[in-house]
Structures are given as structure tokens and as C-alpha cells.
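Since the structure comes first, as C-alpha cells, the remarks are kept for the end.
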Amino acid sequence: MGFLMDVGTRDETAETTGSLLAMKNTYLKTLKHTNETINYGMIQMSGGAMKMDYDQERTYFRGHCIQYDTIDMFQMMVDIALEPRSVLAANVAKAKNGKSHDLHNHLSKFDPFANNQELILRTAYGYNTLGMPRLGLSNNVGNIDARMLQQFVMDNVTPKKCLIVASGVKNHREYVDLVKERLGDMLAVPEHEYERKPSEYIGGEFREWTESPQTNISIAFES
């Protein structure tokens with residue numbers, strides 16, 4: 001089963017950069033129906049898995065389990081995808097985001113071209129929309145708190161941006177009823193208030209000198 005959202009790092013701003021990484025670093029920390037310990041135990045006992053990932057344009061929660069645990073796993077997926085992050089979760093996210101930057105910087109020492117993908121996008125679009133770094137700006141890690149993460153979710157995770165998918169379901173009608181039951185009390189957010197800022201190609205050039213026997217040249221064109 002999956003929860004696909006039309007939300008990515010391109011929807012982050014200078015103030016909310018790092019929000020999706022923070023959500024990924026704490027995606028099992030819920031409060032409403034379960035908590036991290038229960039979620040982790042449920043995943044183990046179901047013989048399944050649950051994960052979150054994201055890129056510039058999409059966020060995806062996905063998991064699998066045996067059919068008898070579908071209801072519990074689906075409820076957990078709804079919680080981890082939609083529940084606002086608590087103060088505790090935000091504090092953990094702040095620490096983990098910092099460690100994520102430290103690890104990336106360390107590994108980049110062994111691969112001088114590790115940042116090529118992001119450098120292309122940043123040169124093409126600047127520090128906004130598609131040019132926003134996947135890990136967020138390192139200088140914004142200290143600003144991560146519950147208020148920022150909750151506001152990011154409220155502004156960006158809206159009904160029209162969400163798609164629930166599943167495969168291998170024995171009874172489609174039963175699954176649809178389950179989705180309606182667990183999401184039926186969600187109030188629709190006025191979609192017109194949160195329009196995605198269109199990406200604007202600006203182009204340019206970026207050169208980085210490295211002590212490497214290799215030379216890497218990347219060329220991108222607007223399309």
C-alpha cells in the first residue's frame with residue numbers, strides 16, 4: 001500500500017527547507033493512535049515493511065504486510081503521513097538532520113562528484129523550487145521546530161495532492177471503505193490558498209575544482 005503526495009523539496013522555502021528530511025527522520029514518531037515503539041513492533045510482527053522517501057517533486061510512504069494486518073498497517077501509514085510532528089519529534093529531527101548533513105559531507109570527500117545532480121538543478125533554478133537541496137540548507141537546521149513542520153504539512157499536504165494506492169488487495173470495495181473510514185474525518189483544505197510556485201529556468205554556469213584524476217562535465221538545457 002502507498003500514500004503518494006504531490007509534495008517535494010521544490011515546495012520548501014528558505015524558512016522551511018529541511019522539512020521533508022525532518023519528516024523522514026521521524027516518520028515513525030506518532031502520537032494519535034500509536035507511538036514509535038508500537039509502530040516498529042507492528043512492522044516486525046506483520047512480517048512487512050514501511051518506509052518514506054521523497055525527491056524534488058514527490059513524497060511517498062509505502063509498505064507491505066500479510067492481509068490480516070492490513071487495517072493496522074493502513075492506520076499507521078495514515079498517521080505517519082498526516083499527523084503533525086510533536087515538539088519531541090521536532091527536536092529529534094533537528095539532531096538527525098544535523099547528522100545527515102555531517103554524514104553527507106563526510107562521504108562527499110570520497111566522491112568529488114556526489115553533488116553533481118543538485119548542482120545542476122541549483123545552477124538551472126537557483127535556491128528555489130527545483131533548485132532546493134534535498135537535505136535542506138544546513139544553516140536552517142537550527143530553526144527546525146514543531147511549529148515549522150506543522151505549518152509545512154498544513155500548507156502543502158492537501159487532499160488534491162494525495163493519492164492512495166494498493167496492490168494485491170483481495171477485496172477492493174473493502175479497502176475503499178477502509179480508506180473512507182480512516183480519512184473521512186479529514187477536513188478539506190482550501191486548495192486555492194496553496195498554489196505551487198512555478199519553477200523558472202535561469203541557467204548559468206558552475207565550476208568546481210577537485211583533486212581527482214577524473215573530469216566530469218554536465219550540460220543541461222531547458223525543455
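Computed from heavy atoms alone, side chains included, the values below leave out hydrogens, waters and symmetry copies. Counting from 1, the numbers follow the sequence of the chain as shown. This is a predicted model, so every value here is computed, not measured.
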Apply the side-chain contact (heavy atoms from CB on, under 4.5 Å) test between Leu82 and each candidate in Met77, Met5, Lys32; give the one that qualifies.
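Testing each of Met77, Met5, Lys32 against Leu82, the sole residue satisfying side-chain contact (heavy atoms from CB on, under 4.5 Å) is Met5.
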Any side-chain donor near an acceptor of the partner, [X] and [Y], under 3.5 Å:
| X | Y | result |
| --- | --- | --- |
| Thr13 | Glu15 | yes |
| Gln75 | Arg182 | yes |
| Asn140 | Asn143 | yes |
| Thr30 | Asn39 | yes |

Please answer: with hydrophobic residues joined when any side-chain heavy atoms are less than 4.5 Å apart, are [X] and [Y] in the same cluster?
| X | Y | answer |
| --- | --- | --- |
| Met76 | Met1 | yes |
| Val153 | Ile80 | yes |
| Ile38 | Phe61 | yes |
| Met73 | Val179 | yes |
| Leu149 | Val92 | no |

Of the non-hydrogen atoms in [X] and [Y], which two are nearest, and what is the gap between them?
| X | Y | answer |
| --- | --- | --- |
| Pro84 | Gln150 | CB-CG, 3.6 Å |
| Asp11 | Asp6 | OD2-O, 4.0 Å |
| Thr17 | Ala14 | CG2-O, 3.5 Å |
| Ala90 | Ile144 | O-CG2, 4.1 Å |
| Thr129 | Pro198 | CG2-O, 3.9 Å |
| Met132 | Thr9 | CB-O, 3.4 Å |

Answer whether the closest heavy-atom distance between the side chains of [X] and [Y] falls below 4.5 Å.
| X | Y | value |
| --- | --- | --- |
| Asp72 | Ser46 | no |
| Leu28 | Ile43 | yes |
| Leu119 | Glu208 | yes |
| Ile120 | Phe206 | no |
| Glu174 | Val169 | no |
| Met52 | Thr59 | yes |
| Val165 | Phe3 | no |
| Asp69 | Met42 | no |

Could you give me the CA-CA distance, side-chain angles and deciding distance for Gln151 and Thr16, then say whether side-chain contact (heavy atoms from CB on, under 4.5 Å) is met?
CA-CA 9 Å; Gln151 191 64 49; Thr16 61; over 6 Å; no
Derivation and outcome, side-chain contact (heavy atoms from CB on, under 4.5 Å), residues Asp53 and Lys24
CA-CA 7 Å; Asp53 211 347; Lys24 180 177 181 179; 3.4 Å; yes
Look at the side chain of [X] and the backbone N and O of [Y], then say whether any donor-acceptor pair between them is shorter than 3.5 Å.
| X | Y | value |
| --- | --- | --- |
| Glu12 | Ser19 | yes |
| Asn115 | Glu118 | no |
| Glu200 | Tyr125 | no |
| Arg85 | Arg147 | no |
| Ser86 | Ala89 | yes |
| Arg207 | Glu205 | no |
| Asn97 | Gly18 | yes |

About how many Å separate [atom2] of [Y] and [atom1] of [X], when rounded to the nearest 0.5 Å?
| X | Y | atom1 | atom2 | result |
| --- | --- | --- | --- | --- |
| Asn25 | Leu20 | CG | CG | 11.0 Å |
| Lys109 | Leu107 | NZ | CG | 10.0 Å |
| Lys161 | Leu4 | NZ | CG | 12.5 Å |
| Asn105 | Asp102 | CG | CG | 6.5 Å |
| Gln214 | Asp111 | CD | CG | 8.5 Å |
| Tyr60 | Lys51 | OH | NZ | 10.5 Å |

Count the heavy atoms belonging to other residues, nucleotides or ligands that lie under 6.0 Å from [atom1] of [X], then report whether that count exceeds 12.
| X | atom1 | value |
| --- | --- | --- |
| Tyr40 | OH | no |
| Ile71 | CD1 | no |
| Arg122 | CZ | yes |

Worked check of side-chain contact (heavy atoms from CB on, under 4.5 Å) between Val7 and Phe152:
CA-CA 10 Å; Val7 179; Phe152 181 81; 4.0 Å; yes
Does NZ or CZ of Arg134 come closer than 6.0 Å to the centre of the six-membered ring of Tyr54, within 45° of the ring's axis?
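That pair qualifies as a cation-pi contact.
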Derivation of the side-chain contact (heavy atoms from CB on, under 4.5 Å) call for Leu21 and Ser100
CA-CA 9 Å; Leu21 177 63; Ser100 297; 4.0 Å; yes
